[in-house]
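As the structure is a computational prediction, the values presented were derived from the model and not from experiment.
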Amino acid sequence: MTTKKRQAPKGILGFPVAPMDAEGKLDLHGLGKNIEFLVENGLSSVFVACGAGELHAISNEEYRLMVEVAVEKTKGKVPLYTGVGGNIAHALEQANISKELGAEGYLILPPYLIDPSQDGIYNYLSTIIESTDLNAIVYQRDNCILESQTLQKLCELPQLVGYKDGVGNMELNVEFTHLIGDRLEWINGMPLAEVTMAAYVNLGFTSYSSAISNYIPHISAKYYEALLSGNKEVLNELYENVIFPIHRIRKQKKGYAVSLIKAGMQIVGLPITTNVRAPIAPVEEEHYEELKVIIENALKKYPAHAETVQ
């Protein structure tokens, strides 16, 4: 019996949004354009219907439609992962939809409402992981905080290929990477991950989810190249001119980790509205204008061209 060879996504990971029209209905055309933009600009993989894709606010019928579009736009080009999570019954249905439609794997988001014990977290994650043979990535965030023994036990499941951190507990990350090593792909999933990636890379995290790649992917690619090559001058410039200014706006309001992405996409001319679903609120006009100035200045200083990253 041969063992299935598994490979986790690596590099800069693309997380498209869930575009909405003026009535709040899902805009599948906009989603297709979002994914095309990510693929054309060299993102190493696409993760559809995750946090940025408002998984919390879409029905499983809409979920299926989003995954169908993503499969069509990524097939033969880059690996496709989906988001699953929340209500366990819904999560298992999402996992099955992902398998049926041909995704390579999924990112498991936290369970709904409950703040579980470690054995409860293990049961939640392992049930989803073992429900299909697709690759799985666990996501450390909110009410799904793994301790080392729980993560080690999950590593016994062959479907598990990655760990994404959205908490920023560096002491725990040091422990995890020391104990588990290269068994998993280590992914920085902090909001606006370019802010913290310089710290994560020293622990063995060489992949990250990039919100700004939805609208200025060439700048994220430039940042990643400078980080890996040790070009501190370029890194400092990007931090000062682009990353920190956007980060300061993102911190102004809860939910901006999602809605600010849509604002940036609209500013650069992608066919995306700023509409979001409750409980996330849209970007305020003042912050939209601040972001617009930052992006316009960034594009003048760092013009978009064929800068991509594999």
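- Cluster membership for I121 and V167, using ILVMFWY side-chain heavy atoms within less than 4.5 angstrom, is not shared.
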*What do the steps show when you test K301 against E237 for side-chain contact (heavy atoms from CB on, under 4.5 Å), and what is the final call?*
CA-CA 10 Å; K301 189 172 182 64; E237 273 192 12; 4.0 Å; yes

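- No donor-acceptor pair under 3.5 Å is formed between the side chain of K164 and the backbone N or O of E185.
- A donor-acceptor contact shorter than 3.5 Å links the side chain of Q159 to the backbone of T132.
- Looking only at side-chain heavy atoms (C-beta outward), K262 and S259 stay at 4.5 Å or farther from each other.
- When all heavy atoms of M66 and G53 are compared, the closest pair comes out as CE-O, 4.0 Å.
- Annotation: the span from E175 atom CD to N173 atom CG amounts to 10.0 Å, rounded to 0.5 Å.
- In this pair, F205 and W186 present their aromatic rings tilted. The plane angle is within the 30 to 60° band.
- Minimum interatomic distance between V258 and A52 (heavy atoms only, all atoms of both residues): CG1-O, 3.8 Å.
- Residues V201 and L228 have side chains in contact (heavy-atom distance under 4.5 Å, counting atoms from C-beta outward).
- Counting non-hydrogen atoms of neighbouring residues, nucleotides and ligands closer than 6.0 angstrom, the OH atom of Y112 reaches no more than 12 such neighbours.
- Annotation: Q149, atom CD; neighbour count of heavy atoms from other residues, nucleotides and ligands within 6.0 Å does not exceed 12.
- Side chains of R277 and I58 form a contact here, defined as non-hydrogen atoms less than 4.5 Å apart.
- We find the CD1-OG distance between I261 and S210 to be 9.0 Å, quoted to the nearest 0.5 Å.
- Side-chain N or O atoms of Q118 include one that pairs as donor or acceptor with a backbone N or O of E147 at under 3.5 Å.
- Judged by distance alone, the side chain of T150 and the main-chain N or O of L146 form no donor-acceptor pair under 3.5 Å.
- Formation of a donor-acceptor pair under 3.5 Å by the R250 side chain with backbone atoms of L260 is not found in this model.
- Hydrophobic clustering, with ILVMFWY side chains joined whenever heavy atoms are under 4.5 angstrom apart, keeps V138 apart from I114.
- At distances below 3.5 Å, at least one donor-acceptor pair connects side-chain atoms of S44 with backbone N or O atoms of K10.
- A single hydrophobic cluster is not seen to contain both L291 and V293; linkage of ILVMFWY side chains at heavy-atom distances under 4.5 Å, directly or through other members, places them apart.
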*Go through the steps for L92 and I128 under the test side-chain contact (heavy atoms from CB on, under 4.5 Å), then give the verdict.*
CA-CA 6 Å; L92 292 172; I128 297 170; 4.2 Å; yes

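- Ion pair E36/K33 flagged as a salt bridge, since at least one NZ, NE, NH1 or NH2 atom sits closer than 4.0 Å to an Asp/Glu carboxylate oxygen.
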*Carefully, step by step, assess Y223 and I12 under the rule side-chain contact (heavy atoms from CB on, under 4.5 Å).*
CA-CA 11 Å; Y223 166 87; I12 305 178; over 6 Å; no

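- In this structure, N275 CG and D27 CG are separated by 10.0 Å, a value rounded to the nearest 0.5 Å.
- Using modelled atom types and a 3.5 Å distance limit, the side chains of Y208 and S220 yield a donor-acceptor pair.
- With Y122 as the aromatic partner, K153 meets the cation-pi criteria of under 6.0 angstrom to the ring centre and within 45 degrees of the ring axis.
- N34 contributes no side-chain N or O that, together with a main-chain N or O of G30, makes up a donor-acceptor pair within less than 3.5 Å.
- In this structure, CG in L125 is found 4.5 Å from SG in C144, a value given to the nearest 0.5 Å.
- By the 4.5 Å heavy-atom criterion applied to side chains, Q140 and L172 are counted as neighbours.
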_From CA spacing to verdict: side chain to side chain donor-acceptor pair (under 3.5 Å), N231, S229_ = CA-CA 6 Å; N231 190 332; S229 65; 5.1 Å; no

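- For H218 (side chain) and Y302 (main-chain N/O), a donor-acceptor pair under 3.5 Å exists by modelled atom type.
- With a 4.5 Å cut-off on side-chain heavy atoms, P217 and L38 do not count as touching.
- Atom CZ of F37 sits about 8.0 Å away from atom CG of N214, to the nearest 0.5 Å.
- Checked by atom type and distance alone, the side chain of R183 pairs as donor or acceptor with a backbone atom of C155 at under 3.5 Å.
- Note that the OH atom of Y200 and the CE atom of M170 stand 5.0 Å from one another [nearest 0.5 Å].
- Closest approach of G162 and L184 over heavy atoms only: N-CD2, 3.8 Å.
- Using a 4.5 Å heavy-atom cutoff, the side chains of I246 and E194 are not in contact.
- A search for side-chain contact (heavy atoms from CB on, under 4.5 Å) contacts involving E72 returns nothing, not counting sequence neighbours.
- The nearest pair of heavy atoms linking K73 to I35 is CB-CG2, 3.6 Å.
- The minimum heavy-atom distance linking S126 with N123 is given by the pair OG-O, 3.4 Å.
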*Kindly determine whether L31 and L26 satisfy side-chain contact (heavy atoms from CB on, under 4.5 Å), including the steps that lead there.*
CA-CA 9 Å; L31 175 62; L26 195 62; 5.8 Å; no

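- Residues Y139 and I145 do not share a hydrophobic cluster, defined by chaining ILVMFWY side chains whose heavy atoms lie under 4.5 Å apart.
- Hydrophobic cluster membership is shared by F47 and L65, with clusters built from Ile, Leu, Val, Met, Phe, Trp and Tyr side chains linked at under 4.5 angstrom.
- The closest side-chain heavy-atom distance from D142 to L109 is not below 4.5 Å.
- Taking a 6.0 Å sphere around NZ of K292, one finds it holds 12 or fewer heavy atoms contributed by other residues, nucleotides or ligands.
- In this structure, H287 and E290 have side chains that are in contact, with non-hydrogen atoms separated by less than 4.5 Å.
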Pairs under 3.5 angstrom only: tabulate donor-acceptor contacts from the side chains of residues 76-87 to other protein residues two or more places apart or in another chain.
from, atom 1, to, atom 2, distance (Å)
Y81, OH, N135, ND2, 3.1
T82, OG1, Y63, OH, 3.2
T82, OG1, S98, OG, 2.8
N87, OD1, A89, N, 2.8
N87, OD1, H90, N, 3.2

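- Counted within 6.0 Å of CD on Q7, heavy atoms from surrounding residues, nucleotides or ligands total 12 or fewer; the atom is thus considered open.
- Summarising the geometry of N188 relative to A193, their closest heavy-atom pair is ND2-O, 3.3 Å, with the distance given to 0.1 Å.
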